[in-house]
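Working notes, structure below.
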Amino acid sequence: MSDSGGMSRRALMAGAGAVAAGGLVGQGYAAAAETGAVRIGPGDVRYENLVRGNNFRFAGQPDEIRVATSAEQVVRAVDEAVRGGRWIAVRSGGHCFENLTASPGVRTLLDLSALNEVGYDAAKKAFVVQPGATLGQVYRTLCAGWGVTIPGGGCPEVGAGGHIAGGGYGPLSRRYGAVVDHLHGVEVVVVGKDGRARAVVATREKDDPNRELWWAHTGGGGGNFGVVTKYWLRSPDGRNVLPPVPREMVQHVTIWDWGQLTEEKLGGMLRNFGTWHERHRAPGRRRPGCTGFSRCSNGTVASPCSPCRPTRTCRASAR
């Protein structure tokens, strides 16, 4: 998304993040860096661009947009919103199809796009993905650095934050499951009984006192339990840290004109789509790597199929 000057929303947030991190020094910038997440109000020239997500149908009018670059800044922003009685919504990539972050009741929009680290945590023996990293960034970094991937979605601009919180699935899911099947832990900002915000770490380790909070984020997240500021990813079988990237992936897309589809034809197509997956659902089937998705957009119905063969050789990023 761009404004009339060609400035993308993510580029604007990168600039705001640099301010919050102390990367820019000038009139007013030093004070902004010291006080925490950048606060952008309706009178700010950046507001109209940042308030909109990928779906232009919904655009809220929050009192403020907070652009955070650290968990500490998220804690402070949540704390202030709770004390002020303001409804807070969280955005990482801005690709929410509904108005969950643009509801009229939202008064504080917490933007995590500047929290975009992807790397490896040797202490936890797990990969780190922050919510503001896009799926494309995650795939490229994991592939180039370690030859591994996650079974996430096919749109490279989607933010990892909401995608993983909702489960995360894509072309590799029939072989490797959902992304949350590989979720080892989360760093999440929660509000306690005392009404104060704090960051806690919850992992799948059986002796972790916060294990139930980890479990709550294995597909039931989406801001229901707190604000995730970091994910740790590690396959549960212990044999591999994460799945290897495919050697190759072939994508085939079939498109039907929406205007030519009758109710009977559409119903038959969807039944056939589901029947094929049902017949090939068992482990060990001949085509476990073939995945189909149906989507409706721009007046068309598309059904891409993406078969792949996995290998440890990184010749293309998995998407």
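A distance of 6.0 Å separates CD of Gln130 from NZ of Lys230, quoted to the nearest 0.5 Å. Interatomic distance, CD1 of Ile164 versus CD1 of Ile150, reported as 5.0 Å (0.5 Å rounding). One distance of note links CG of Leu142 with CD of Gln137; it measures 10.0 Å at 0.5 Å rounding. The CZ atom of Arg271 sits 13.5 Å away from atom CD of Glu278, with the distance rounded to the nearest 0.5 Å. For the atom pair OG1 (Thr229) and CD (Glu187), the distance works out to 3.5 Å, reported to the nearest 0.5 Å. Atom CH2 of Trp215 is separated from atom CZ of Phe225 by 7.5 Å, given to the nearest 0.5 angstrom.
Annotation: side chain of Val90 is in contact with side chain of Leu112 (closest heavy-atom distance under 4.5 Å). Side-chain contact between Pro104 and Trp87 is absent, with no heavy atoms from C-beta onward closer than 4.5 Å. Two residues are said to be in side-chain contact when any heavy atoms from C-beta on lie closer than 4.5 Å; Val148 and Pro243 fail this criterion. Side-chain contact between Pro42 and Gln61: absent, with no pair of heavy atoms (C-beta onward) separated by less than 4.5 Å. Annotation: side chain of Leu242 is in contact with side chain of Ser235 (closest heavy-atom distance under 4.5 Å).
The side-chain contact (heavy atoms from CB on, under 4.5 Å) with Trp146 is formed by just one residue from the set Val245, Val241, Thr141; it is Thr141.
For Tyr231 (side chain) and His184 (main-chain N/O), no donor-acceptor pair under 3.5 Å exists by modelled atom type. Using modelled atom types, no side-chain atom of Ser92 and backbone atom of Ala160 make a donor-acceptor pair closer than 3.5 Å. Panel note: side chain His217, backbone Val186; no donor-acceptor pair is recorded below 3.5 Å. Between the Asp208 side chain and the Glu205 main chain, no donor and acceptor come within less than 3.5 Å of each other. Without hydrogens or angle criteria, Ser113 side chain to Gly132 main chain gives no donor-acceptor distance under 3.5 Å. The main-chain N or O of Leu183 is found under 3.5 Å from a side-chain atom of Arg204 such that the two form a donor-acceptor pair. Of the possible polar contacts, none joining the Gln73 side chain to the Ala68 backbone as a donor-acceptor pair under 3.5 Å is found.
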**OP:** With side chain to side chain contact (heavy atoms under 4.5 Å, CB included) as the test, would you mind laying out the steps for Val128 and Tyr120 before giving the verdict?
**Re:** CA-CA 6 Å; Val128 173; Tyr120 182 74; over 6 Å; no
**OP:** Check the pair Asp121, Trp232 against side-chain hydrogen bond (donor to acceptor under 3.5 Å, both in side chains), reporting the backbone distance first and the verdict last.
**Re:** CA-CA 8 Å; Asp121 185 335; Trp232 284 276; 3.0 Å; yes
Subject >> Pair Glu157-Thr134, side-chain hydrogen bond (donor to acceptor under 3.5 Å, both in side chains): steps then yes or no >> reply: CA-CA 5 Å; Glu157 292 301 317; Thr134 64; 5.3 Å; no
**OP:** Check the pair Val106 / Ile88 against side chain to side chain contact (heavy atoms under 4.5 Å, CB included), numbers first and verdict last.
**Re:** CA-CA 6 Å; Val106 173; Ile88 187 171; over 6 Å; no
Subject >> Residue pair Arg86, Glu80: steps toward the side chain to side chain contact (heavy atoms under 4.5 Å, CB included) verdict >> reply: CA-CA 8 Å; Arg86 296 193 298 275; Glu80 292 176 0; 4.1 Å; yes
Subject >> Stepwise side chain to side chain contact (heavy atoms under 4.5 Å, CB included) check, Arg46 with Val38 >> reply: CA-CA 12 Å; Arg46 299 167 291 181; Val38 169; 4.3 Å; yes
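In terms of heavy-atom proximity, Leu50 sits nearest to Arg91 at O-NH1, 2.9 Å. Gly170 approaches Ser173 most closely through the heavy-atom pair N-OG, 2.8 Å. What you find for Ala114 and Val67 is that their closest heavy atoms are CB-CG1, 4.4 Å. When all heavy atoms of Leu172 and Pro246 are compared, the closest pair comes out as CD2-CG, 4.0 Å. Of all heavy-atom pairs between Val201 and Thr203, the closest is CG1-CG2, 4.1 Å. Residues Leu110 and Ala77 come closest through the heavy atom pair CD1-CB, 4.1 Å.
Among residues two or more places apart in sequence or in another chain, the side-chain contact (heavy atoms from CB on, under 4.5 Å) test is passed with Val82 by Val78, Val191. Contacts of Arg107 classified as side chain to side chain donor-acceptor pair (under 3.5 Å), with partners at least two apart in sequence or in another chain: Asp63. Remark: Asp79 engages Arg83, Arg196 in a side chain to side chain donor-acceptor pair (under 3.5 Å) (not counting sequence neighbours).
Both Val200 and Trp214 are part of a single hydrophobic cluster, where members link through side-chain heavy atoms under 4.5 Å apart.
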